[in-house]
Every structure is written in structure tokens, then in C-alpha cells.
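Below is one structure, written out as C-alpha cells, with a few remarks after it.
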Amino acid sequence: MELIKNSILYFGLVISVSYYLFWSLEYFGLVESSTLITYLTWTFAVFSAVIFNFQIRKFINYISPGSSDSPDKILKYKEISDYLLSENNIRFTIYSVYFIVLIFNNILSFQSQASEIDINFNKAILQSFVTFIAFERSLSILKTLKFKPSDLLDKIHGAISNHIKEINKNN
């Protein structure tokens, strides 16, 4: 039961922070489009759920009711909670939610029962999903890169040094 509470707390925290952040922008008149608020809320929520996964899990394990039990029970509880809320499981959950929402949106759209508000909402969700896919792809490519800024600086320094040596040799 505690694990279900932790999952709800995880997604509730991510969604509520995103919602209130962008709702405040709308409240203060910085953003006027509810479609943009929907897009930003969904996009920021899924980005933060993936990027800050470790920090959110640590926070949830700290405040969860199970953290007041015996040390052995806490360790097992933490291990199970960390597995359940792992980055890959969170990603799977995000893809699943987008999948289900897009199916329902498409069904409504194809039945011509969607109003202007629904069409804009559908577009915001679809664009958020496309943005998330691009983000995911960028992260996966970034993980495979063997790029190191220090190596780049060494190569630039070597090229400049060689060029200066050639100039000095020719003079």
C-alpha cells in the first residue's frame, strides 16, 4: 500500500509543481493561452519526472510514512520503492499515459465530437508527446557520446600550437 502511495506522491508532486508554476504565469498575465499552459504543464512534468528522478525518489523516501519503521524494513522498503520508481519505469509510465490519452483523443476526434477546446487540448498533448520523444532521443544519444570538453580543448590547443610552430619555422 505504501508503494502505491509513493507512486501517487511521485506523479502528484511532478504534476502539481508543473501545473502551479504555469498557472501562476497565466495568473500574472504572462501567458494567455490555456493551450500553451497545457503544453507547458505536460512537457515540464514529464521532463522533470525523468531529469529529477533521483532527487524526487530521495525526497519521497525521506517523507514517506515507511521511513519511521525499523532500519531493516526501511532498507527493503526503499529498495522496492526505488525499483518501482526507477527512471526506466517512469519513462514507461509516461509513454503509456501518452499512448492512452492519444487513443482517447483520436477516438473523439474521428467521431467529430471534439469541440474547439478539445482540438486545442489534443494538439497540446500531441506536441508535448513529440517534444518528449525528441528529448528522450537526445538523452539516449548524449549517453552514447564519447565527447569530453577537455579532449576538445586539448585538440584545439594542439592545433594552435602546431600552427604557431609552423609560423615560427617559416619566419
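Heads up: numbering here begins at 1 and tracks the sequence.
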Student check: side-chain heavy atoms of [X] and [Y] closer than 4.5 Å:
{"X": "F11", "Y": "T93", "result": "yes"}
{"X": "L36", "Y": "F22", "result": "no"}
{"X": "L126", "Y": "L102", "result": "yes"}

Under 3.5 Å donor-acceptor, [X] side chain and [Y] backbone:
{"X": "Y10", "Y": "A49", "answer": "yes"}
{"X": "S128", "Y": "A124", "answer": "no"}
{"X": "T41", "Y": "T38", "answer": "no"}
{"X": "N53", "Y": "L85", "answer": "yes"}
{"X": "N89", "Y": "Y83", "answer": "yes"}
{"X": "T43", "Y": "L40", "answer": "no"}

Discussion item. Tell me if the centroids of the rings in F129 and W42 come within less than 6.0 Å of each other.
Written reply: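 Ring centres of W42 and F129 not closer than 6.0 Å.
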
Item to complete: Take the angle between the ring planes of F132 and F135 and call it parallel below 30°, perpendicular above 60°, tilted in between.
Response: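 Rings of F132 and F135: tilted, as their planes differ by 30° to 60°.
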
Worksheet item: Considering all heavy atoms of both residues, which atom of I56 and which atom of S48 are nearest to each other, and what is their separation?
Response: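 Taking every non-hydrogen atom into account, CD1-O, 3.8 Å.
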
Distance, nearest 0.5 Å, that separates [atom1] of [X] from [atom2] of [Y]:
{"X": "L21", "Y": "I37", "atom1": "CG", "atom2": "CD1", "value": "9.0 Å"}
{"X": "I160", "Y": "L153", "atom1": "CD1", "atom2": "CG", "value": "9.5 Å"}
{"X": "S81", "Y": "K5", "atom1": "OG", "atom2": "NZ", "value": "13.0 Å"}

Discussion item. Through direct or indirect side-chain contacts below 4.5 angstrom among Ile, Leu, Val, Met, Phe, Trp and Tyr, which residues connect to I107?
Written reply: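 Hydrophobic cluster check, I107: joined to F99, I100, I103, F104.
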
Worksheet item: With sequence neighbours left out, what residues match R57 under salt bridge (charged side-chain N to carboxylate O under 4.0 Å, His left out)?
Response: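 Testing R57 for salt bridge (charged side-chain N to carboxylate O under 4.0 Å, His left out), a comparison that skips the adjacent residues, returns D82.
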
Practice prompt. Any chance you could lay out the salt bridge (charged side-chain N to carboxylate O under 4.0 Å, His left out) test for K143 and E136, step after step, and finish with the verdict?
Written response: CA-CA 11 Å; K143 288 179 182 178; E136 277 286 295; over 6 Å; no

